[in-house]
Amino acid sequence: MVKLRFNRCARKQRAIYRIIAIDVRSQRGGRDLQKGGFYDLLKNRTYSNVFNIFNFLKKGAQPMGTIHYILKKAEIFN
């Protein structure tokens with residue numbers, strides 16, 4: 001099963017999270033299938049590649065709770 005989840009990337013005290021599609025059996029920092037965008041926590045901005053996210057959702061990928069909330073807030077979900 002594939003899930004959309006966060007992968008932390010940045011330096012200390014400057015967290016930026018990458019939205020990735022990853023297999024459930026992979027480790028937390030494991031190899032991702034494809035990148036879907038970024039979430040900047042400090043500026044509270046989301047940069048998303050909507051085309052990639054829709055493709056994975058069509059194929060049955062499940063977004064984790066926080067990503068579902070962010071995509072809903074960005075009006076990707078109804």
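Quick note: numbers below take in every heavy atom, side chains included, and nothing from hydrogens, waters or symmetry partners.
- Note that CZ of Arg8 and CZ of Arg18 are 13.0 Å apart. Values are rounded to the nearest 0.5 Å.
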- Residues Tyr39, Ile67; criterion side-chain contact (heavy atoms from CB on, under 4.5 Å); working and verdict: CA-CA 9 Å; Tyr39 174 62; Ile67 294 187; over 6 Å; no
- When you look at Asn7 and Tyr17, which way does the side-chain contact (heavy atoms from CB on, under 4.5 Å) test go after all the steps? CA-CA 5 Å; Asn7 188 13; Tyr17 294 95; over 6 Å; no
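- The shortest heavy-atom contact between Ile53 and Ser48 is CD1-CB, 3.9 Å.
- Both the sub-6.0 Å distance and the 45° axial angle are not jointly satisfied by Lys72 relative to the ring of Tyr69.
- Partners of Phe38 under the ring-ring contact (aromatic ring centres under 6.0 Å, His included) rule, at least two apart in sequence or in another chain, do not exist in this structure.
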- For the pair Phe56 and Lys58, evaluate side-chain contact (heavy atoms from CB on, under 4.5 Å) and give the outcome as yes or no after the intermediate values. CA-CA 5 Å; Phe56 274 106; Lys58 282 182 190 176; over 6 Å; no
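- Leu71 is connected to Leu41 through a chain of hydrophobic side-chain contacts under 4.5 Å among Ile, Leu, Val, Met, Phe, Trp and Tyr, so both are in one cluster.
- Here the straight-line distance linking atom CE of Met1 with atom CD1 of Ile22 works out to 14.5 Å at 0.5 Å rounding.
- Rounded to the nearest 0.5 angstrom, Phe54 CZ and Asn49 CG are separated by 11.0 Å.
- Residues Val24 and Val2 form no side-chain contact, since every pair of their non-hydrogen atoms from C-beta on lies 4.5 Å or further apart.
- Interatomic distance, Leu33 CG to Lys3 NZ, rounded to the nearest 0.5 Å: 14.0 Å.
- The cluster map of Ile, Leu, Val, Met, Phe, Trp and Tyr, joined by side-chain heavy atoms under 4.5 Å apart, puts Leu57 and Phe6 in the same cluster.
- The hydrophobic cluster containing Leu4 also contains Ile70, counting ILVMFWY residues as joined when their side-chain heavy atoms lie under 4.5 angstrom apart, directly or transitively.
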- Message: Evaluate Ile19 against Lys35 for side-chain contact (heavy atoms from CB on, under 4.5 Å), listing each step before the verdict.
- Response: CA-CA 6 Å; Ile19 300 170; Lys35 294 167 183 61; over 6 Å; no
